[in-house]
Amino acid sequence: MVVIPELPKVERLRRKIEPELRGRTIVGVATSTHNLRASLPQSRLQALKGSRFIGVRRRGKYLLLELDSQQAVLVHLGMTGQLVFRLGGDKHDHVIFELDAGLPLVFNDQRRFGMVLVFNNGDLATCPYLTRTGVEPLSAAFTPRYLWEHCQRRQRPIKNLIMDQSVVVGLGNIYANEALFGAGIRPTRPAGRLSPKRLRELVRHISICLRVGIDQENPLRFVYGRGDENCLVCDTPIVKVKMAGRSTFYCPRCQR
DNA sequence: CTTATGGCCTGTCAGC
DNA sequence: TGCTGACAGGCCATAA
C-alpha cells in the first residue's frame, strides 16, 4: 500500500534529508520537459548553480529547501512525488540537483501532481502557497478553541473541514479518516453541530495520529481502506462513502 | 461570504 | 489478448 505524503511523511522526509543536504553546493541542475502541477522554472533552476543549501523547513505538506543565496526551492510531493539521493535517469525524474559531494538530489514524480518552484526569500512572505494555509496541527496554535471557532455556523461535514488546508495544514485523506475514528466522530457530521468537548477530542486525536505517523513509518489503520472489513473495536461492518470525491471510511457504531 | 465540483496525471485492475 | 473505464489522491481554478 502506497502511503500518500501527508504531514508525517513530509516531516520524516525533512528530517532525513536535512543533514545530508545542509552545506552541499549545487553544481548542476537537470530538468525533464514535463510540466508538474506548476511549470518548472527552467531559468530560475539553472541560476541556482553555486548556491549552497543551508536548511530544510516544512510548512504543511510543503518543503522549503533554503539556500545561502537568499532563495529557496519550494517542493510539494503531490501524490507520488519523492525526493531521494541517487543517480538520475528514471523517466519520472523531473529535477536533478547535482551536488558538490555525494549523490544528486532527485525529485521524481510518476503522476506529476507535485511541484518544484524557486522563490526569493523576500517573496516567500507573500507566496500564496504558504500564506493561504492554516495553522500547524502540532503547534500550540491548534487549540480546541481554534477549531471550534472555525466550526461555528459551518454546515460542511467535519471531515471536509479538517482536510481544508486553509483551516489546518497537513491532514490528507488517510489521517482525516483515522483521527475521526479515534475521536468517535462520524465524518459526515456538520462541523457546526459538534460540541466543544467533542472537538477537543478531535484535536487530541489529530495530534496523536500525526505523531504516531511521524514516529513510525505508517499511519495507524483502523478504518481507512477497510471497506470490506469489520470494525476492530466492535466488529460492525465498516462503511465506505464518497465525500468531496474522496473515499471515506467509518464505523457506524463507534462514530456518531 | 461559503461550499462543491472539475481537472490535472499515470499505473493498476476488473470486466468484457 | 487487448481494450475500456473506474479508481486512487492533493490542490488550484472555477462556479454556484
Side-chain angles (χ1 to χ4, degrees), chain A residues 1-14 31-41 58-64 74-83 90-95 107-117 119 126-137 147-180 187-194 206 209-210 213 218-219 221 223-228 238-250:
Chain A
M1 174 75 79
V2 177
V3 177
I4 303 310
E6 305 183 37
L7 184 150
K9 188 174 175 187
V10 178
E11 176 61 20
R12 284 177 65 92
L13 176 65
R14 187 194 72 75
T31 59
S32 77
T33 56
H34 289 111
N35 273 343
L36 304 177
R37 183 159 60 99
S39 303
L40 278 176
R58 180 188 60 75
R59 181 77 178 91
K61 302 175 192 173
Y62 290 89
L63 280 183
L64 264 180
L74 183 70
V75 176
H76 193 290
L77 300 177
M79 283 283 300
T80 52
Q82 303 178 68
L83 270 179
D90 182 82
K91 65 185 285 198
H92 300 303
D93 289 348
H94 300 297
V95 184
F107 178 80
N108 178 284
D109 190 359
Q110 185 183 83
R111 295 186 204 173
R112 310 211 291 271
F113 272 31
M115 65 177 179
V116 178
L117 292 173
F119 286 91
T126 55
C127 165
Y129 297 117
L130 301 178
T131 59
R132 284 180 197 160
T133 56
V135 301
E136 286 284 338
L147 183 59
W148 179 82
E149 283 173 355
H150 276 272
C151 286
Q152 293 314 105
R153 296 173 299 281
R154 291 289 121 79
Q155 300 302 311
R156 69 194 303 202
I158 185 64
K159 173 169 182 264
N160 295 0
L161 186 138
I162 63 173
M163 286 181 68
D164 185 337
Q165 304 295 300
S166 68
V167 175
V168 56
V169 294
L171 284 165
N173 199 32
I174 298 175
Y175 285 92
N177 273 290
E178 297 300 345
L180 286 163
T188 51
R189 179 165 287 273
R193 299 215 196 110
L194 282 159
I206 286 172
C209 288
L210 294 175
N218 296 309
R221 286 276 181 94
V223 285
Y224 183 82
R226 297 192 187 275
D228 296 326
I238 296 296
V239 172
K240 176 181 179 180
V241 294
K242 279 271 185 193
M243 295 180 64
R246 305 287 170 252
S247 294
T248 304
F249 303 87
Y250 66 91

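Below, read A as the first sequence line, B as the second, and so on, with proteins coming before strands; counting in each chain starts at 1.
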Note to self: Between A/Glu6 (side chain only) and A/Tyr175 (backbone N and O only), is there a donor and an acceptor less than 3.5 Å apart?
What the structure shows: yes
Note to self: Is there a side chain to side chain contact (heavy atoms under 4.5 Å, CB included) between A/Arg221 and A/Ile174? Walk through the geometry before answering.
What the structure shows: CA-CA 8 Å; A/Arg221 286 276 181 94; A/Ile174 298 175; 3.7 Å; yes
Applying side-chain contact (heavy atoms from CB on, under 4.5 Å), can you list everything that pairs with [X], at least two apart in sequence or on another chain?
X: A/Arg58; answer: A/Leu7, A/Val10, A/Glu11, A/Arg14, A/Leu63, A/Glu136
X: A/Pro41; answer: A/Arg44, A/Leu45, A/Leu117, A/Val118
X: A/Asn108; answer: A/Gln82, A/Arg86, A/Asp90, A/His92, A/Asp93, A/Val106
X: A/Val239; answer: A/Val241, A/Tyr250, A/Pro252

Check: Of all residues at least two apart in sequence or in a different chain, which pass the salt bridge (charged side-chain N to carboxylate O under 4.0 Å, His left out) check with A/Arg111?
Finding: none
Residues in side-chain hydrogen bond (donor to acceptor under 3.5 Å, both in side chains) contact with [X], at least two apart in sequence or another chain:
X: A/Glu149; result: A/Arg145
X: A/Lys61; result: none
X: A/Asn160; result: none

Notebook entry, point to check: In degrees rounded to 10°, what angle is found between the helical axes fit to the five outermost pairs at each end of the helix from B/dT2-C/dA16 to B/dC16-C/dG2?
Noted result: 60°
Checklist line | Where protein sits on nucleotides 10-16 of chain C, one letter per nucleotide: B base, S sugar-phosphate only, - none, heavy atoms under 4.0 Å | finding: BBSS---
Next item on the list: Using heavy atoms and a sub-4.0 Å distance, could you list which residues of residues 154-162 of chain A are near DNA chain C? By number, please.
Entry: none
Note to self: For a 4.0 angstrom threshold against heavy atoms of chain A, report the outermost contacting nucleotides of DNA chain B in 5' to 3' order.
What the structure shows: B/dT2 to B/dG11
Next item on the list: Check step by step if side chain to side chain contact (heavy atoms under 4.5 Å, CB included) holds for A/Arg246 and A/Lys242.
Entry: CA-CA 5 Å; A/Arg246 305 287 170 252; A/Lys242 279 271 185 193; over 6 Å; no
Note to self: Testing the basics here: between A/Pro157 and A/Thr188, what is the closest heavy-atom pair and its distance to 0.1 Å?
What the structure shows: CB-O, 3.9 Å
Checklist line | Atom-to-atom span, CZ of A/Arg111 to P of C/dA8 - whole angstrom | finding: 11 Å
